[in-house]
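So the structure is just underneath, and the comments pick up after that.
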Amino acid sequence: MTAAHWLFGDQLGPHFLAPGDGGPDRAAPVVMIEARSVFRRRRFHRAKAHLVLSAMRHRAAELGDRVRYVRAETYREGLREAVGDGEVTVRHPTSRAALRLVTSLSGVTVLPARGFLVPHDDFRAWAGGRERGRLRQEDFYRWIRREHGLLLDGDRPAGGRWNHDHDNRRPPPRGAHTLGAPAPYRPREDEIDDEVRRDLDRWEREEGIAFVGRDGPRLFPASRREALAALRRFVEHRLAGFGPYEDAMLAADPVLSHSLLSSSLNLGLLDPAECVDAAEAAWRAGHAPVNSVEGFVRQIAGWREYVWQLYWYFGEGYRHLNALRHQAPLPGWFLELDADAVTARCLATVLAQVRDTGWTHHIQRLMVLGSHALQRGWDPGAVTDWFHRCFVDGYDWVMLPNVVGMSQYADGGRMTTKPYTSGGAYVHRMSDLCDGCAYRPTERLGERACPYTAGYWAFLHRHRARLAGNPRMTQAVRGLDRLADVEEVVRQERRRGDAPP
């Protein structure tokens, strides 16, 4: 008898059912389990819950009679209902908790992971050949480009450089309120979405399951067909303009030329190889400049792959690192996505975008949301959980390295060489979000003192002893000596505390 194959809710593309690596058989029945306990444990963004359930149910509809779709309280109960004591295969899950679950169940065979470019063993072999502690993303990125033949002209990188970042960090055009990029792909809801929304309403009303954020019309793909349409739309109409302004921020144009493909990749609707291949083909056909294509390839083959590998390589203990000993709880206004309580225009704008859509681009996450959390000394574990719950593309493997390592510097520099935070001058240079704000990015004291500028100096003062020995922070730390009012700034920021800035 052919063993059934279990599909998790982030393994929804056809590549997860393709034969190879020991299975599954083409005729294998498929099991999908919708476990309400997942939504009881965490207060997810409602738009995220909607997207995941809609994507699962769309996939079940595609599979038709081949799938047994079970709605249960837990995965264990659902699997028992679906197959009893029967044999089951499953692709390597994307979280440690899910891996512990499947390996604890009798009759379950775990197959190699899909949905990523590099097998775990290959990464461990690469990491084992590096100097101790030097798992630099740039080195990994160049290695994976060579291994997969990505954006190469013979043995040389396309365009003569591995890294086109210097062409991809432009501030928005002066006076522009939008880049004027063609609109991104947006799906149309259907009867499955209607059913999901009714179920979420009922769960809130009868099951005591609570959500955060707003669930408007679904903005992101929930099926393979929609995800491919979104990929085509980006490559054909938006990729060319992506690179130069990928770090920019505009209040009236929150998506700029970004691909909006992260949720489709992380649901497994798209495979990373087909995304980078499509982008490279656009460059070779002369439809997109090399800096834009390289920036997109770097996001997927570089950063996404790097984060996935480090999640497993660093081990479970990484979750509990807190090198800066930040312990402050997240304030209620942040937990509730209460953007209306916030005066600082940059933070209010970005927090409202999270509330309304469950998505922002990487600079808004790192240099507005994450930077504020770092400056205020919030518990990095709580910050990680918030990002996991509140973003449509957020999963444990995504957010743990991104937040603990990159955003909150809680690993003390294992992943990045310095804390990623700044004063208001960075936000002012890279956005229009300071325009019309009650605060001034150049001021650090008084009623108009920018929370980011004052918060930056207070952060450096608090961690001066640790950061003084970091070569990339030496100049910034020395800057404290030029501030005659630094002690007053620190007292001011203590008084501000965690009130909405």
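Numbers for residues simply follow the sequence, beginning at 1.
For the pair Leu117 and Phe123, the minimum side-chain heavy-atom distance is 4.5 Å or more. In this structure, the side chains of His388 and Phe44 come closer than 4.5 Å at one or more pairs of heavy atoms.
Residues in residues 93-103 take part in these salt bridge (Lys or Arg N to Asp or Glu O under 4.0 Å) pairs, two or more places apart or across chains: Arg96-Glu316. Listed by first and then second residue, the salt bridge (Lys or Arg N to Asp or Glu O under 4.0 Å) pairs that reach into residues 469-479 come to none, sequence neighbours excluded. Pairs engaging residues 140-151 under the salt bridge (Lys or Arg N to Asp or Glu O under 4.0 Å) rule: Glu138-Arg142 [sequence neighbours left out]. Evaluation of the salt bridge (Lys or Arg N to Asp or Glu O under 4.0 Å) test over residues 388-399, restricted to residues two or more places apart or in two chains, returns Arg319-Asp396, Arg365-Asp393, Asp385-Arg389.
Taking the six-membered ring where the residue is Trp, the centroids of Phe116 and Trp397 are separated by under 6.0 Å. Side-chain rings of Phe334 and Trp378 approach one another, their centers coming within less than 6.0 Å. A ring-centre distance under 6.0 Å is not found for Trp308 and Tyr311. Residues Trp162 and Tyr141 place their aromatic rings such that the two centres sit no closer than 6.0 Å.
Taking the salt bridge (charged side-chain N to carboxylate O under 4.0 Å, His left out) definition, one finds that Arg43 meets it with Glu336, sequence neighbours left out. Residues satisfying the salt bridge (charged side-chain N to carboxylate O under 4.0 Å, His left out) test with Glu226, not counting sequence neighbours, are Arg218.
A donor-acceptor pair under 3.5 Å links the side-chain atoms of Gln408 to the main chain of Gly370, judged by distance alone. In terms of modelled atom types and a separation under 3.5 Å, the side chain of Asp253 and the main chain of Leu179 share a donor-acceptor contact.
The pair Arg225-Glu62 fails the salt-bridge criterion, with no side-chain N (NZ, NE, NH1 or NH2) lying under 4.0 Å from an Asp/Glu carboxylate O.
Annotation: cation-pi pair Lys48/Phe39 absent, no NZ/CZ under 6.0 Å from the ring centroid and within 45° of its normal.
Relative orientation of the His463 and His326 rings is tilted, given thresholds of 30° and 60° on the angle between their planes. The aromatic rings of His92 and Trp312 sit perpendicular to each other, their planes meeting at more than 60°, with 30° as the lower class boundary. Under the 30°/60° scheme for interplanar angles, the aromatic rings of Phe140 and Trp143 are found to be tilted.
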